[in-house]
Amino acid sequence: MLNKILQLSAALSLVAVAASCSDNSGGGTTDGCVGHLCGSTAALTDPEGGNVIFEYIYVDTELAAAFGLPSGTNTISRSMGYFMDAQTPQDNPLPVPGQCNNLATTHGWPLWVGSPHTDLDFGAMTITGKNTAAADVTIAMPKMPAGTDAIGRAHDIYYQEITPGADALLQPSSQYDVHFAGAGAFPAVDMTGTQGLFLPPKFDISSPSFEDNGPLVPGTDFTVHWTSTTPTNLPAGDEVLGVAWLLDSNGSPVFMCPTAASAGSMTIPGSAIADYKTAATARGANPNKVILSRQNIVHQIARLPNSESGNLRRVDMLGIYCWVQLMDVN
């Protein structure tokens with residue numbers, strides 16, 4: 001089943017494939033799903049149950065140095081996941097397509113996590129697929145103690161992996177499966193196929209160039225450009241989203257500006273740049289620096305395997321290919 005995530009226009013929608021994750025008997029398998037609750041479908045209208053962010057990241061020279069990457073390395077594999085069966089509020093606002101959304105003021109998805117919330121431990125987490133050399137890979141996702149993840153979200157339990165050299169672990173334009181070993185009352189679960197992860201293909205960027213430092217000027221519109229590639233093996237019904245982000249100097253998002261990847265550009269309003277400086281200052285980040293990220297995203301949806309028939313929640317599965325650079329703000 002296909003679930004429409006956002007309506008961009010009559011001709012454009014961001015589509016996620018509804019996923020399933022087992023029946024209460026612990027037996028069935030539907031659409032590659034193994035475990036409890038298989039056969040049920042998840043929809044964007046379901047309450048949030050967490051997400052998995054799976055990224056192939058290019059970083060510019062300044063960020064490579066700041067991250068201490070090995071000489072000659074300018075890519076990172078980064079994966080984050082968290083899962084919860086309660087939060088207040090039940091959902092955070094989705095971004096409005098075609099405009100820049102101030103997540104600092106809207107407390108919007110996917111940055112914000114409700115408070116209070118109840119995090120879940122599904123045991124050891126791994127992601128399996130192919131690397132750029134087409135060899136089989138298994139990415140171990142270490143379970144982290146209470147703290148904040150790489151983009152500043154607070155959790156009691158979460159999973160995270162960050163490794164320099166993305167080609168050793170990732171292959172653009174390919175599918176990945178997510179596996180949980182199980183823990184306590186939760187049996188082992190596999191999220192595969194349309195309930196797993198799809199990494200978009202490599203795409204190129206133009207203006208601004210990758211080593212361009214700007215500046216971005218408050219009150220002056222700033223347009224970013226990219227050239228997208230449509231994967232030949234994209235799951236049926238899925239589309240690729242193009243997103244420009246403004247992240248603070250600590251790497252936490254402030255503005256999310258989504259459109260269709262095929263649009264090839266996004267204009268960041270001058271008012272958003274002014275608001276970025278205000279938000280960065282309030283967070284204690286450097287308001288004169290901004291991290292610009294241009295991303296292609298494939299969004300799929302899985303059912304949270306929480307064994308609660310009256311508490312059906314979704315897990316957003318986000319495969320991301322992106323270019324990230326540090327820029328000046330006047």
Side-chain angles (χ1 to χ4, degrees), residues 53 55-71 73-80 82 92 95 100-113 144 147-155 158 160-164 166 205 207-226 243-258 266-295 297 318 320-330:
I53 295 177
E55 297 174 286
Y56 187 118
I57 305 174
Y58 269 101
V59 295
D60 72 353
T61 301
E62 288 178 283
L63 290 176
F67 297 153
L69 298 185
S71 178
T73 300
N74 66 344
T75 63
I76 298 171
S77 165
R78 184 173 74 175
S79 305
M80 293 170 276
Y82 73 95
N92 295 297
C100 287
N101 299 263
N102 188 338
L103 303 183
T105 59
T106 65
H107 288 193
W109 177 95
L111 175 62
W112 289 86
V113 179
M144 311 298 286
T148 57
D149 63 24
I151 61 173
R153 302 175 301 184
H155 311 286
Y158 67 103
Q160 183 167 281
E161 171 276 333
I162 303 174
T163 303
I205 59 173
S207 177
S209 64
F210 197 37
E211 298 294 341
D212 189 342
N213 286 342
L216 281 69
V217 179
T220 301
D221 293 354
F222 189 84
T223 301
V224 301
H225 301 265
W226 61 86
V243 182
W245 297 80
L246 297 182
L247 302 96
D248 65 33
S249 58
N250 297 320
S252 184
V254 178
F255 276 91
M256 179 184 186
C257 312
M266 185 72 190
T267 296
I268 301 169
S271 58
I273 298 168
D275 290 342
Y276 165 80
K277 286 180 70 75
T278 300
T281 300
R283 293 178 177 186
N286 184 351
N288 299 316
K289 292 289 185 179
V290 64
I291 297 174
L292 170 67
S293 178
R294 280 168 278 184
Q295 300 184 349
I297 301 176
L318 304 171
I320 301 172
Y321 193 105
C322 61
W323 298 80
V324 182
Q325 64 196 98
L326 187 65
M327 302 190 74
D328 297 326
V329 185
N330 279 352

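What you see is a predicted model; the values in this text were computed from it and never measured.
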Listed partners of K277 passing salt bridge (Lys or Arg N to Asp or Glu O under 4.0 Å), at least two apart
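Not a single residue meets the salt bridge (Lys or Arg N to Asp or Glu O under 4.0 Å) criterion with K277.
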Which atom of [X] lies closest to which atom of [Y], heavy atoms considered:
X	Y	value
R294	S209	NH2-O, 4.4 Å
C257	I268	SG-CG1, 4.4 Å
A272	F255	O-CE1, 3.2 Å
A104	R283	CB-NH2, 4.0 Å
I297	V243	CD1-CG2, 3.8 Å
G270	D221	N-OD1, 2.8 Å

Drop me the distance from [X]'s [atom1] to [Y]'s [atom2], to the nearest 0.5 angstrom.
X	Y	atom1	atom2	answer
E55	I76	CD	CD1	9.5 Å
I57	S77	CD1	OG	8.0 Å
D60	L326	CG	CG	6.5 Å
E62	K289	CD	NZ	5.5 Å
Y58	I205	OH	CD1	10.5 Å
Y158	T148	OH	OG1	6.0 Å

Tell me every residue that passes side chain to side chain contact (heavy atoms under 4.5 Å, CB included) with A285, counting only those two or more places apart in sequence or in another chain.
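Partners of A285 by the side chain to side chain contact (heavy atoms under 4.5 Å, CB included) criterion, ordered by chain and then number, come out as D248, S249, N250, A280.
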Validation row: [X], [Y] side chains within 4.5 angstrom (heavy atoms):
X	Y	answer
I53	R153	yes
I273	T220	no
N101	P258	yes
W245	Q295	yes
P208	F222	yes

Parallel, tilted or perpendicular: rings of Y56 and Y321 (30°, 60°):
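It falls in the parallel class, under 30°.
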Below 30° counts as parallel, above 60° as perpendicular, anything between as tilted: where do the rings of F210 and W323 land?
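Perpendicular, since the angle between the ring planes exceeds 60°.
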Picking from L111, L103, L247, I291, what satisfies side-chain contact (heavy atoms from CB on, under 4.5 Å) with S252?
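Single side-chain contact (heavy atoms from CB on, under 4.5 Å) partner of S252 among L111, L103, L247, I291: L111.
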Any donor-acceptor N/O pair, T75 side chain to A166 backbone, under 3.5 Å:
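Confirmed, T75 side chain pairs with A166 backbone.
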Heavy-atom donor-acceptor pair, Q160 side chain to I162 backbone, under 3.5 Å
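Answer holds: no.
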Would you tabulate the side-chain donor-acceptor contacts of residues 211-219 under 3.5 Å, counting partners in other chains and residues two or more places apart, or write 'none'?
residue, atom, partner, partner atom, Å
E211, OE1, T61, N, 3.4
E211, OE1, T61, OG1, 3.3
E211, OE2, T61, N, 3.2
E211, OE2, T61, OG1, 2.9
D212, OD1, G214, N, 2.7

